[in-house]
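Written out below as structure tokens is the structure these notes cover.
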Amino acid sequence: MGHGVTALRSIAALLGTCGVVLGAFGAHALRDGFSATELGLWQTAVSYLFWHVLAALLALQWDASTKQVSGRVAAALFLSGTALFSGSLLALALAAPRWVGALTPIGGLLLIAGWLALAWAFARGDRPAQSGPR
């Protein structure tokens, strides 16, 4: 397994950890003094973070089973999109400057590109690599 796949899996695991911590923080520490809009941003960010960490891990498993680069491309798009999309929403919920919101749609486009890359890999019909003699 290449270093790129190992790094992407590690990043996905760390982002999953962040999702748990951020979800707990949002549920317990952000109740007082935060508006419904800010709490909604927080919840959306954590939800998208979790779903796309899982999608990245699915893509990496596809990559490992097919020996195709398509899974790594999708995973990299999911993880970078998650960082921008969820990261910008979390920052906005914590009163970051409004210009940070410009990162949100860029992250969203990367997430869409990740799903399209995964769909392309599936549509191409990549098959799991055969192990051993037939």
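Scope of the values below: all heavy atoms of this structure, side chains included, with no hydrogens, waters or symmetry mates.
Of all heavy-atom pairs between Ala59 and Ala75, the closest is CB-N, 3.9 Å. For Val73 against Ala117, the heavy-atom pair with the smallest separation is CG1-CB, 4.4 Å. Of all heavy-atom pairs spanning Ala45 and Leu89, the tightest one is CB-CB, 3.7 Å. Heavy-atom minimum distance, Leu110 versus Gly81: CB-CA, 3.6 Å. Residue Val53 comes nearest to Gly16 through the heavy atom pair CG2-N, 3.9 Å, listed as atom of the first residue, atom of the second, then distance. The shortest heavy-atom contact between Leu60 and Arg72 is CD2-CG, 4.2 Å.
Criterion: ILVMFWY side-chain heavy atoms under 4.5 Å apart, direct or through other members. Under it, Val20 and Leu90 are part of a common hydrophobic cluster. Taken together through direct or relayed side-chain contacts under 4.5 Å among Ile, Leu, Val, Met, Phe, Trp and Tyr, Leu116 and Phe122 form parts of separate hydrophobic clusters.
Taking CG of Leu41 as the start and OG of Ser35 as the end, the distance is 7.5 Å to the nearest 0.5 Å. Once rounded to the nearest 0.5 Å, the distance linking OG of Ser86 with CG of Leu111 reads 7.5 Å. Interatomic distance, CD1 of Ile11 versus OG1 of Thr82, reported as 11.5 Å (0.5 Å rounding). A distance of 9.5 Å separates CG in Leu49 from CG in Leu79, rounded to the nearest 0.5 Å.
The side-chain heavy atoms of Trp42 and Leu22, taken from C-beta on, include a pair separated by under 4.5 Å. A heavy-atom distance below 4.5 Å is not found between the side chains of Leu84 and Thr104. Side-chain contact between Leu30 and Glu38: absent, with no pair of heavy atoms (C-beta onward) separated by less than 4.5 Å. In this structure the side chain of Leu118 never reaches within 4.5 angstrom of the side chain of Leu77, judged on heavy atoms. For the pair Leu94/Phe34, a side-chain contact is recorded, criterion being any heavy-atom separation below 4.5 Å from C-beta on.
Here the side chain of Ser88 pairs a donor or acceptor atom with the backbone of Phe85 at under 3.5 angstrom.
No more than 12 heavy atoms of other residues, nucleotides or ligands lie within 6.0 Å of OH in Tyr48, so this atom counts as exposed by the packing criterion.
Between His52 and Phe78, the ring-plane angle classifies as tilted under the 30° and 60° cut-offs.
By the ring-ring contact (aromatic ring centres under 6.0 Å, His included) test, Trp51 pairs with no residue at all, sequence neighbours left out.
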